[in-house]
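Scroll down for the structure; my scribbles are underneath it.
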Amino acid sequence: ERVGFYAFYGYEKLRNALLPRTLKQVGSYAFYGCLNLQEQVLSDAILSIPTGCFSKCRSLKNLELPNALLRIEDGAFAGCTQLEKIVFPTTLEHLGDMSFAGCQTLTKLEIPEGVVQLGKGSFKDCTHLYSVRFPEGLYSIDDEAFMSCLALAKVVMPKDLFRIGKNAFAECQSLERVVMNDHVHVIEPGAFFHCIQLYEISFSKELETLGQSAFELCINLRKVFMNTTLEKVGDRAFAKCRSLQEVSMSQALVQIGEAAFLECKNLQKINWPDGLEQIGQDAFRDCIKLTAPRDMGGVRMGKNAFKNCR
């Protein structure tokens, strides 16, 4: 009924794991590093695939998950570099941290409706992943969940999504378009850092937090629309977005962080909100096409906020 912890750890001669239907439990790291394992079939009685269970099974191509599976724990399939396709059962509720990180040949994902949170780094470094379908009830995409998914071109955020974690889509260098919903409240630091093909972004109306370097080095980003309740643009949020031409600010905005638009060399048009109170140090430094405002009333200005502007 049970395969123990580390049972076949590093056993390189193992090629197939066709486990009995009576099997109810598999231990952590049971098949870790079985470099020649190509196929596994798990009993439908198994409800959880534990930590590191099939990690670094670099020949594994066919993945049959139990029909009643509820949980895939941390690093369960991390480093399965030949894994091309995953069909998740509709019963799945949990995807742990780094669960499929480094599955370099994985191309498509359809995450089932029961999953409300994607673990940290869950699909990090899946370099050929180009299509992801999220469940509508997804609440949080955790830190680095899709970091360095180099083929991912478009992301449609599900309607209930509340939070996009730190570096969640950082270094997704084919990502051109992000469709936000109306309920994303939090975009954490570095969420879309260095997404060099991203060309336009419109934020949800309920956005409250835009973290440090959230869109830094998005060098093809041209327009930003903030029709939101956002009160602060984080430090370096759009730094070095050298193609950025137009920013529509939130009318609720009171603070623009340090170096928020540093070296946005093509930035020309900004609508300044009436309630703005503070512009941080170097906020618009080296925005060489931007005309520095002449009269900002009682707005507190940081050092070099408009240095080298017109």
Side-chain angles (χ1 to χ4, degrees), residues 152-155 157 164 166-180 184 186-205 207-274 276 278-294 296 299 301-310:
L152 191 61
K154 179 182 177 181
V155 173
M157 299 301 177
I164 301 172
K166 294 179 182 177
N167 298 313
F169 295 92
E171 305 285 355
C172 290
Q173 296 189 2
S174 297
L175 186 60
E176 296 180 354
R177 190 175 178 213
V178 176
V179 180
M180 289 288 183
V184 172
V186 179
I187 298 176
E188 297 280 11
F192 296 92
F193 178 84
H194 203 213
C195 291
I196 59 175
Q197 298 298 328
L198 186 64
Y199 63 86
E200 184 175 304
I201 188 75
S202 296
F203 296 112
S204 76
K205 294 179 180 179
L207 185 67
E208 296 176 350
T209 301
L210 181 61
Q212 180 176 338
S213 299
F215 293 88
E216 183 172 353
L217 280 170
C218 292
I219 58 174
N220 274 301
L221 187 63
R222 289 168 172 77
K223 294 182 179 180
V224 172
F225 300 97
M226 300 182 191
N227 184 23
T228 71
T229 56
L230 185 68
E231 295 185 355
K232 179 185 177 182
V233 175
D235 297 349
R236 303 189 68 87
F238 298 95
K240 300 184 179 181
C241 293
R242 65 189 185 199
S243 298
L244 186 60
Q245 299 173 12
E246 180 180 351
V247 176
S248 177
M249 294 282 192
S250 162
Q251 288 306 303
L253 199 68
V254 295
Q255 184 179 353
I256 298 173
E258 294 184 5
F261 295 89
L262 174 73
E263 294 183 26
C264 293
K265 294 183 181 295
N266 282 291
L267 182 59
Q268 301 177 53
K269 185 179 180 181
I270 295 177
N271 66 316
W272 301 103
D274 295 335
L276 190 63
Q278 183 177 348
I279 298 176
Q281 179 176 326
D282 296 321
F284 295 92
R285 181 170 180 164
D286 294 328
C287 294
I288 56 176
K289 293 186 179 180
L290 181 67
T291 300
R294 301 299 180 192
M296 295 290 283
V299 177
M301 294 280 186
K303 184 178 180 181
N304 297 322
F306 290 93
K307 186 173 182 180
N308 297 327
C309 294
R310 286 182 174 179

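Along the sequence shown, the residues carry numbers beginning at 1.
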Separation of [Y] [atom2] from [X] [atom1] (nearest 0.5 Å):
X	Y	atom1	atom2	result
Asn220	Cys241	CG	SG	10.0 Å
Phe284	Leu262	CZ	CG	11.0 Å
Leu230	Leu207	CG	CG	5.0 Å
Gln173	Leu152	CD	CG	12.5 Å
Ile219	His194	CD1	NE2	6.0 Å
Ile196	Leu217	CD1	CG	10.0 Å

Side-chain polar contacts of residues 302-310 - donor-acceptor pairs under 3.5 angstrom, sequence neighbours left out - could you list them?
{"from": "Asn308", "atom 1": "ND2", "to": "Asp286", "atom 2": "OD1", "distance (Å)": "2.6"}

Is the number of heavy atoms from other residues, nucleotides or ligands within 6.0 Å of NZ (Lys265) greater than 12? yes

Do [X] and [Y] have side-chain heavy atoms sitting under 4.5 Å apart?
X	Y	value
Ile256	Met249	yes
Ile279	Met301	yes
Val178	Phe169	no
Thr228	Met180	no
Val247	Phe238	no

Taking all non-hydrogen atoms of both residues, which atom of [X] and which atom of [Y] are closest, and how far apart?
X	Y	answer
Ala239	Ala259	CB-O, 3.5 Å
Cys218	Leu198	SG-CD2, 4.4 Å
Met226	Val233	CE-CG2, 3.9 Å
Leu244	Lys223	CD1-N, 3.9 Å
Gly211	Ala237	O-CB, 4.0 Å
Gly190	Ala170	O-CB, 3.5 Å

Testing Phe193, Phe261, Phe203, Tyr199 for ring-ring contact (aromatic ring centres under 6.0 Å, His included) with Phe215, which one passes? Phe203

Qualifying side-chain hydrogen bond (donor to acceptor under 3.5 Å, both in side chains) pairs with a residue from residues 237-261, counting only residues at least two apart or across chains: none

Sub-3.5 Å donor-acceptor pair from the side chain of Arg236 to the main-chain atoms of Gly234, do we have one? no

